[in-house]
Every structure is written in C-alpha cells, then in structure tokens.
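Written below as structure tokens is the structure these notes are about.
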Amino acid sequence: MKIKLADGSVKEVKDGMNALEIAKELSQKLGKSAVAAKINGTTTELTATVPDGATLEILTFDDEEGKKAVWHTASHVLAQAVRRLFPEAKLAIGPATDSGFYYDFDTEKPFTNEDLAKIEKEMKKIIAENLPLTRFTLPREQAIAKMEAAGEPYKVELIRDLPQDAVLSFYEQGDFTDLCAGPHAVSTGKVKVPKLLRTAGAYWRGDEKNKMLRRIYGIAFPSQKELDEHLQQIKEAEERDHNKLGRELHYFTTSPAVGQGLPLLMPKGAKTMQLLQRFVEDEEESRGYVLTKTPFMAKSDLYKISGHWDHYKDGMFVLGDEEKDDEVLALRPMTCPFQYTVYNAEHHSYKDLPIRYGETSTLFRNEASGEMHGLIRVRQFTLAEGHIICTPQQLEDEFMGVLDLIQYIMGVLGIENDVTYRFSKWDPSDKDKYVGDAQEWERVQDAMRTILDHTGLTYYEADGEAAFYGPKLDIQFKNVFGKEDTLFTVQIDFALAERFGMTYVDSDGQKKTPYIIHRSSIGCYERTLAMLIEKYAGALPMWMMSEEVRVMNITEGAMEYCRAFADRLKKAGIRVTVDDRPEKIGYKIREARGERIPYMLVAGDKEVADGTFAVRRRGQGEIGNMAQDALLELITSQDREKVIF
RNA sequence: GCUGAUGUGGCUCAGGGGUAGAGCACAUCCUUGGUAAGGAUGAGGUCGUGGGUUCAAUUCCCACCAUCAGCUCCA
C-alpha cells in the first residue's frame with residue numbers, strides 16, 4: 001500500500017503496517033525519538049495501523065501534539081506510581097496541559113513534599129520498565145463493571161455521564177489501566193525525565209459544590225538538560241512576578257491593618273499610574289470622549305434597575321441593612337448605571353449620537369478572600385471606563401473605533417504581541433446568569449461576530465464568559481505563572497438601555513433605544529501596572545518611569561555642576577533627581593541600576609573641566625561622554641512615549 | 001469560599017520549650033571616591049493576633065488575621 005508523508009512524499013509500505021513500524025523505517029530521517037503519530041490529521045498513538053493512502057506524520061516531543069501525548073502518558077505514569085504507593089487513592093482525571101500535566105486523586109491525607117519525592121522516584125522506575133501502552137475498548141456495562149471492580153467511583157461516574165454511544169477506550173501499561181481517550185506515547189519509557197512540581201486542591205469536575213481532590217502537577221522532558229532549562233525559565237519568570245518585584249521596587253505595599261486586596265501605591269507606583277492616566281485621558285479626549293465624574297456609591301435602587309443587585313450583590317460592599325434601614329447604599333462595582341443616569345438627564349436626538357462618556361473610575365468589588373492577588377485582583381481599583389451610546393447603524397464604526405483606541409494604547413505600552421483576543425459568549429444552559437432570551441443573544445452575538453470578522457483579528461470563542469447583559473471581546477494576557485486575566489474589554493450591551501429607559505429621538509420622530517458599548521481603554525490601571533512590571537521586569541518604558549534621569553557626582557567638587565544640569569533637565573520637563581551623597585560612584589550606580597533608571601549621568605572633576613557627563617543608559621551600560629547640550633538634546637528629543645529600552 | 005504551604009527587626013532569611021541571630025537597608029563618624037556593595041560604631045524585634053497546655057511558649061495545640069500557589073469565581 002501507499003502512504004503519504006507529512007512532507008508530501010509518497011512511500012510504499014507493506015499492508016497493515018502501524019505508525020511505529022513505519023517510524024522505525026524512517027528513524028534515521030527523524031532525528032528525534034518518535035512519540036506519537038498523526039494519521040489523516042488526527043493525532044493517535046504510534047501503534048495505530050496506517051490505512052492505505054493515508055497521510056502520516058510522525059510526531060516527536062518537539063511537536064505540540066507529540067509533547068501532549070508524552071505528558072498525557074506522564075500523567076498515567078504518575079497515577080500508576082500513586083496507585084503503587086497509595087493503594088487507597090481513588091483516581092479522578094489526569095490530562096496534559098499547555099505547560100505539563102496533572103492528575104487528580106481522592107485521598108484521605110494530603111501529599112507531602114516527601115510523598116512527591118517518593119512518587120517521582122516510583123515514576124522513574126515505571127519509566128525504566130518501559131511498559132508498552134495498549135489501547136482497548138469495552139462496551140458500556142463491562143466498562144462500568146471493570147471500574148467498579150477496580151474501586152474507582154470517579155471513573156464510573158465519568159462513564160455513566162458519557163453519551164450511550166460513546167467509545168469507551170482504556171489504556172493499559174503493565175499493572176495499570178485507565179479510562180482514557182488518548183492519544184498516548186507508545187510506552188512509558190518515552191516520558192524520559194519527569195518532575196513533580198507541586199500539589200494543589202481542585203474540585204471534582206471543576207464544580208465547587210463537589211469534593212475537593214488533591215491534584216499533583218508535573219512536567220517531563222526528553223533529557224535532564226531540557227528539564228533543568230525549563231525549571232530555570234520558570235525561576236526567571238517568577239523573578240519578574242510583579243507581586244515581588246513591584247514591592248522590591250517600591251511601587252506598592254500592603255498592610256494587614258488596611259486589609260486584603262487593598263494595595264497602597266507608593267510614590268513611584270503612584271507617579272507611573274498618574275502618567276498612564278494622563279496619557280489615556282488625553283488620548284480619549286482627542287478621540288471625542290467627554291468626561292463624567294460620578295459618585296462612588298449609590299442607593300441599592302440604582303443597582304436594582306441595572307440588574308447588578310440581583311446578579312452580584314454578594315460581590316458588592318453594601319452599606320446598611322435592607323431589613324432595618326430605610327436607605328441602603330452600596331459602593332459602586334462599575335460605572336455603567338451612573339453614566340446611563342447622566343445620559344438620561346438630557347433628551348437626545350439621533351444627531352447627538354454617538355456620545356462617548358469616559359471616566360477614570362474608582363470601583364469596589366468584594367472579591368472572595370482566595371481571589372486577591374497583588375495588583376491583579378484587588379478590592380478597589382481604577383478603571384478607564386467608558387460607555388458609548390449609539391444608534392444601531394453606528395455600532396460597527398464605534399466598535400472599530402474602540403478597538404483602534406485599545407490597539408493604539410497597547411502599541412504605546414508595547415504589549416500588542418502579548419495578548420490574545422477572546423470572544424466571550426453566553427452559556428445557553430445557564431439562564432440564571434444572563435438576562436434576555438436566546439433569540440436576542442444569538443442576534444447580538446452574530447452582530448458582534450460579524451464586526452470581529454471585519455476587523456481581521458485572530459480571536460477564539462469562549463462560552464459562558466459573557467457579561468450578564470451582553471457578549472464581550474476580552475483582551476487577555478498571561479501573568480508570569482501562566483494564569484490568564486482580562487486586561488481590556490469591549491462589550492455590546494443590548495439589555496441595560498431598555499432597563500434604564502434610555503432613548504433617543506430618531507430622524508423619523510420616533511423614540512428609540514440606543515445600543516451601548518461598554519469598554520475599558522487600558523484595563524484596570526492596577527492590573528496594567530502589574531502586567532507592565534512583569535513584561536519589562538521593572539524596566540518600564542522611560543515615559544512612564546517616575547524617574548527618568550539620575551545625575552551622580554563622583555567628587556564634592558562636581559556637586560554644583562550636577563545640580564545645575566539637573567535643573568536644566570527639569571526645566572525641559574524631564575523627571576530627574578541628583579544623587580549627591582558622599583558615596584562611592586560604584587555604589588550609586590548599583591542603586592540606580594537596581595531601580596532601573598533609564599539614564600545615569602556621572603560627573604567628576606574631569607567632566608566639570610570639559611563640560612560633559614559620562615552617560616550610562618539602562619540596558620546598554622556606558623555609552624561614553626557627552627557634552628551637556630548634546631545630552632539634553634538626546635534625552636528630550638526622542639519620542640519618550642515610544643522608546644523602550 | 002475551598003485545598004495545601006508560609007508568617008522571626010524596613011527587606012532577604014537562620015534558629016529553636018528557659019523571653020533572639022546574620023546580611024542588606026537605616027543613623028553617626030572616618031573615607032574625596034571613576035561606573036554593580038570602602039571602613040568603624042550604633043540603633044532597631046513583646047518572633048502575625050488572641051486563647052490554651054506548661055513552673056516557663058516566639059517554639060507545642062486551637063482559633064483568627066495576613067501572605068503565596070492551585071481550584072472555584074471574576075459585572
């Protein structure tokens with residue numbers, strides 16, 4: 001029979017050969033060890049038979065899917081090791097992820113670090129045994145009986161919840177069998193070098209009403225060297241953790257007496273945030289936004305109209321008691337109903353629209369205690385919040401305008417390549433969470449999808465991530481731990497305008513309900529600051545640094561000289577300080593470097609004599625001596641908003 | 001909220017049933033120094049908070065608070 005290889009070439013092989021046998025014939029061509037196969041575009045194990053005329057791709061650990069097959073196998077090895085050492089442990093699920101694998105177990109006692117070391121040792125034993133993985137299927141009742149006999153209630157539940165006609169496949173490696181859809185590496189030996197990273201709790205089937213299981217996270221690589229490199233990368237990424245670095249650099253602090261999720265910005269952090277705010281507010285103004293300034297709190301009545309009271313009361317800071325008090329106030333968790341009230345204070349013609357309201361808005365959300373994280377999830381935060389009230393005809397243009405604003409801002413921050421776009425849709429099976437009916441949702445989601453397709457963006461769709469009043473385009477970023485959060489959001493709201501009785505008079509004299517676009521143009525400032533600290537490892541673009549230039553004298557004789565030039569810089573609008581302490585220059589440089597100051601200017605007797613400064617640029621080291629005028633020109637002339645170094 | 005870990009001077013950490021230590025930072029003095037740490041001296045902690053056990057608790061136990069990771073949630 002003939003098969004087609006991934007490179008397009010056609011190969012003649014014996015009938016009924018499996019991918020592994022073909023891979024062996026091709027072994028010198030591959031270079032790397034084969035771990036899985038892709039037959040006609042479907043990833044499968046190497047033991048799968050290749051049909052006549054099929055396209056075959058041999059996957060190695062360097063292929064995303066090959067890697068997943070190995071990691072998935074590693075999770076089975078983990079489960080097998082746990083079963084050997086802790087026979088009472090019940091198995092739940094154990095998939096590969098983008099960054100490794102995990103397996104969830106139900107055990108009486110938590111796994112200790114010593115346990116992990118033991119399990120890892122046992123895994124290495126199983127890998128050395130190089131047990132082949134064999135796949136087989138069972139009819140439903142037999143599959144259930146098998147898992148019941150094995151004492152695996154979670155597996156039984158999984159099978160029972162699968163559709164009646166589902167293929168129930170099992171993978172067996174030595175004395176261990178697991179219900180699993182595959183695909184897998186051909187044998188446990190392919191896992192090579194495993195490493196268990198940590199334990200964590202995880203709800204069975206991701207539902208907090210269910211029992212919490214014990215999850216073990218791990219990773220595996222073809223060699224110790226690659227594993228070490230990976231672990232080093234993780235360590236380096238965690239060095240950038242804003243929660244650590246942001247505190248070390250004195251951007252923010254927290255205090256138990258102030259409370260959880262309530263970071264205090266210190267002078268450096270506050271200055272950077274002010275610079276970001278000025279930039280965003282000016283940019284919005286130039287794009288036709290008008291300002292509002294609305295209260296931090298309102299009566300519960302307002303949130304009842306918007307629906308936030310019903311949907312999110314538990315997440316709000318409520319002042320007073322509904323049972324006892326005539327008036328109950330609540331701190332605002334968002335600005336929407338306030339800006340709608342502003343809109344309703346005037347009558348509007350279609351000629352007024354679109355109206356673009358913007359507000360640098362302080363918001364309060366009573367996040368659950370386990371959710372708070374540095375500057376990323378907090379109880380009080382600042383959002384560049386805006387609502388665009390427009391006619392249906394204007395919706396697409398306005399949406400595009402918002403996207404253009406967001407992309408411009410991302411460009412200036414230098415993060416446009418660090419984000420992904422998520423089209424967040426409703427979940428038709430969760431009616432409680434969403435207002436409106438299915439027809440409306442489908443209509444608005446279709447409209448949004450059409451707009452998104454017109455933008456040419458690469459985006460992915462996510463069910464159940466919409467706001468209760470409409471679908472969203474969320475711009476997502478990952479922090480140093482790989483956890484994803486929303487940075488920017490654009491939402492189409494088809495529900496709240498009507499609830500608030502917002503109208504405009506159209507050209508035909510009829511009152512109509514406008515569309516509303518909710519959007520944030522820079523995300524929450526605290527979260528954005530966190531992401532910037534992590535992205536730049538504290539070396540933020542110069543224009544948003546609280547201190548752009550530090551002038552340092554070597555000798556007392558150069559002190560006045562340094563101060564005088566710093567004054568010149570200050571007059572030119574540069575944020576500059578002078579370090580004229582009687583310290584050694586190496587010491588001053590060390591401190592300034594630690595603070596990621598973009599320009600360090602050094603003067604001793606020599607510089608005083610020839611009117612120059614020894615210039616050191618962040619990330620570049622010494623760049624030589626420069627005369628004062630040329631230096632002033634260099635520092636002030638560049639486009640400080642765009643230069644990142 | 002749930003699971004697990006952690007909490008010792010401003011920071012990073014050591015220690016351990018008999019009321020505490022290092023380095024950095026800070027203060028004073030000496031040092032006039034050439035691009036990542038000059039030297040000396042000193043000050044600073046009721047060992048997260050509150051209970052309990054004990055002759056004695058920072059150390060052991062319990063509760064709470066906070067921090068970290070993961071889960072769940074995220075208008």
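To find a chain, count down the sequence lines: A is the first, B the second, and so on, and within it residues start at 1. Heavy atoms only: backbone and side chains are in, while hydrogens, waters and symmetry mates are out.
Legend: residues meeting side chain to side chain donor-acceptor pair (under 3.5 Å) with Lys271(A), ordered by chain and number and at least two apart, are Gln274(A).
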**Request:** List the steps and the verdict of ring pair (Phe, Tyr, Trp, His ring centres under 6.0 Å) for Tyr343(A) and Phe500(A).
**Result:** CA-CA 10 Å; Tyr343(A) 178 87; Phe500(A) 275 85; over 10 Å; no

**Request:** Take Leu532(A) and Lys535(A) through the test side chain to side chain contact (heavy atoms under 4.5 Å, CB included) and record every step on the way to the result.
**Result:** CA-CA 5 Å; Leu532(A) 290 168; Lys535(A) 163 150 179 95; 5.6 Å; no

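Atom CD of Glu484(A) has more than 12 heavy atoms from other residues, nucleotides or ligands within 6.0 Å.
Separation of the P atoms belonging to G48(B) and U3(B) is 23 Å when rounded to the nearest angstrom. Rounded to whole Å, the separation between the C1' atoms of G21(B) and G33(B) comes to 33 Å. Rounded to whole Å, the C1' atom of G45(B) lies 14 Å from the corresponding atom of A22(B). A75(B) and U67(B) have their P atoms separated by 22 Å, with the value rounded to a whole Å. For the P atoms, the distance from C61(B) to G1(B) is 24 Å, rounded to whole Å. For the P atom pair drawn from C64(B) and C55(B), the interatomic distance equals 28 Å after rounding to whole Å. Nucleotides U31(B) and A40(B), compared at atom P, are 15 Å apart to the nearest Å. A gap of 11 Å separates the P atoms of U19(B) and A57(B), to the nearest Å.
The nearest whole Å value for the distance from the CG atom in Leu262(A) to the C1' atom in C65(B) is 14 Å. For the pair Phe105(A) CZ and G4(B) C1', the interatomic distance rounds to 16 Å; values are reported in whole Å. Here C11(B) presents its P atom at 17 Å from CD of Glu595(A), a figure rounded to the nearest Å.
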**Request:** Take nucleotides 68-75 of chain B nucleotide by nucleotide from the 5' end and write B, S or -, depending on whether a protein heavy atom sits under 4.0 Å from the base, only from the sugar-phosphate, or from neither.
**Result:** SSBBBBBB

Detail all sub-3.5 Å separations between protein N/O atoms and N/O atoms belonging to nucleotides 32-36 of chain B.
| residue | atom | partner | partner atom | Å |
| --- | --- | --- | --- | --- |
| U32(B) | O2 | Glu556(A) | N | 3.3 |
| U32(B) | N3 | Glu556(A) | OE1 | 3.2 |
| U32(B) | O4 | Glu556(A) | OE1 | 2.1 |
| G33(B) | N7 | Ile554(A) | O | 2.4 |
| G33(B) | O6 | Ile554(A) | O | 3.1 |
| G33(B) | O6 | Glu556(A) | N | 2.6 |
| G33(B) | N2 | Pro582(A) | O | 3.4 |
| G34(B) | O6 | Asp605(A) | N | 3.4 |
| G34(B) | O6 | Lys606(A) | N | 3.2 |
| G34(B) | N1 | Glu607(A) | OE1 | 2.7 |
| G34(B) | N1 | Glu607(A) | OE2 | 3.4 |
| G34(B) | N2 | Glu607(A) | OE1 | 3.2 |
| G34(B) | N2 | Glu607(A) | OE2 | 2.6 |
| U35(B) | O2' | Arg616(A) | NH2 | 2.6 |
| U35(B) | O2' | Glu622(A) | OE2 | 3.1 |
| U35(B) | O2 | Arg616(A) | NE | 2.9 |
| A36(B) | N7 | Arg593(A) | NE | 2.6 |
| A36(B) | N7 | Arg593(A) | NH1 | 2.8 |
| A36(B) | N7 | Arg593(A) | NH2 | 2.9 |
| A36(B) | N6 | Arg593(A) | NE | 3.2 |
| A36(B) | N6 | Arg593(A) | NH2 | 2.5 |

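Side-chain atoms of Tyr599(A) and Arg616(A) include no donor-acceptor pair closer than 3.5 Å. Glu88(A) and Thr107(A) share no side-chain donor-acceptor pair at under 3.5 Å.
Between Phe105(A) and Tyr103(A), the two ring planes are parallel [angle under 30°; tilted spans 30° to 60°].
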For residues 425-432 of chain A, dump all side-chain donor-acceptor pairs below 3.5 Å to protein atoms at least two apart in sequence or in another chain.
| residue | atom | partner | partner atom | Å |
| --- | --- | --- | --- | --- |
| Lys425(A) | NZ | Glu461(A) | OE1 | 2.6 |
| Asp427(A) | OD1 | Ser429(A) | N | 3.0 |
| Asp427(A) | OD1 | Ser429(A) | OG | 2.7 |
| Asp427(A) | OD2 | Ser429(A) | OG | 3.2 |
| Lys431(A) | NZ | Pro428(A) | O | 2.9 |

Anything under 3.5 Å between a donor and an acceptor, one on a side chain of residues 328-335 of chain A, the other on a protein residue two or more places apart or in another chain? List them.
| residue | atom | partner | partner atom | Å |
| --- | --- | --- | --- | --- |
| Arg332(A) | NE | Thr362(A) | O | 3.0 |
| Arg332(A) | NH1 | Thr294(A) | O | 3.2 |
| Arg332(A) | NH1 | Thr294(A) | OG1 | 2.7 |
| Arg332(A) | NH1 | Pro295(A) | O | 2.9 |
| Arg332(A) | NH2 | Glu359(A) | OE2 | 3.3 |
| Arg332(A) | NH2 | Ser361(A) | OG | 3.1 |
| Thr335(A) | OG1 | Ser361(A) | OG | 2.6 |
| Thr335(A) | OG1 | Glu385(A) | OE1 | 2.2 |

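For the atom pair CD1 of Ile635(A) and CE of Met542(A), the computed distance is 6.0 Å after rounding to the nearest 0.5 Å.
The residue from Phe488(A), Tyr469(A), Phe494(A), Phe399(A) that alone fulfils the ring pair (Phe, Tyr, Trp, His ring centres under 6.0 Å) condition with His518(A) is Tyr469(A).
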**Asked** If you write RNA chain B from 5' to 3' in dot-bracket form, with Watson-Crick or G-U pairs under 3.5 Å, [ ] for crossing pairs and | for pairs with another strand, what do you get?
**Response** (((((((..((((....[..)))).(((((.......))))).....(((((..]....))))))))))))....

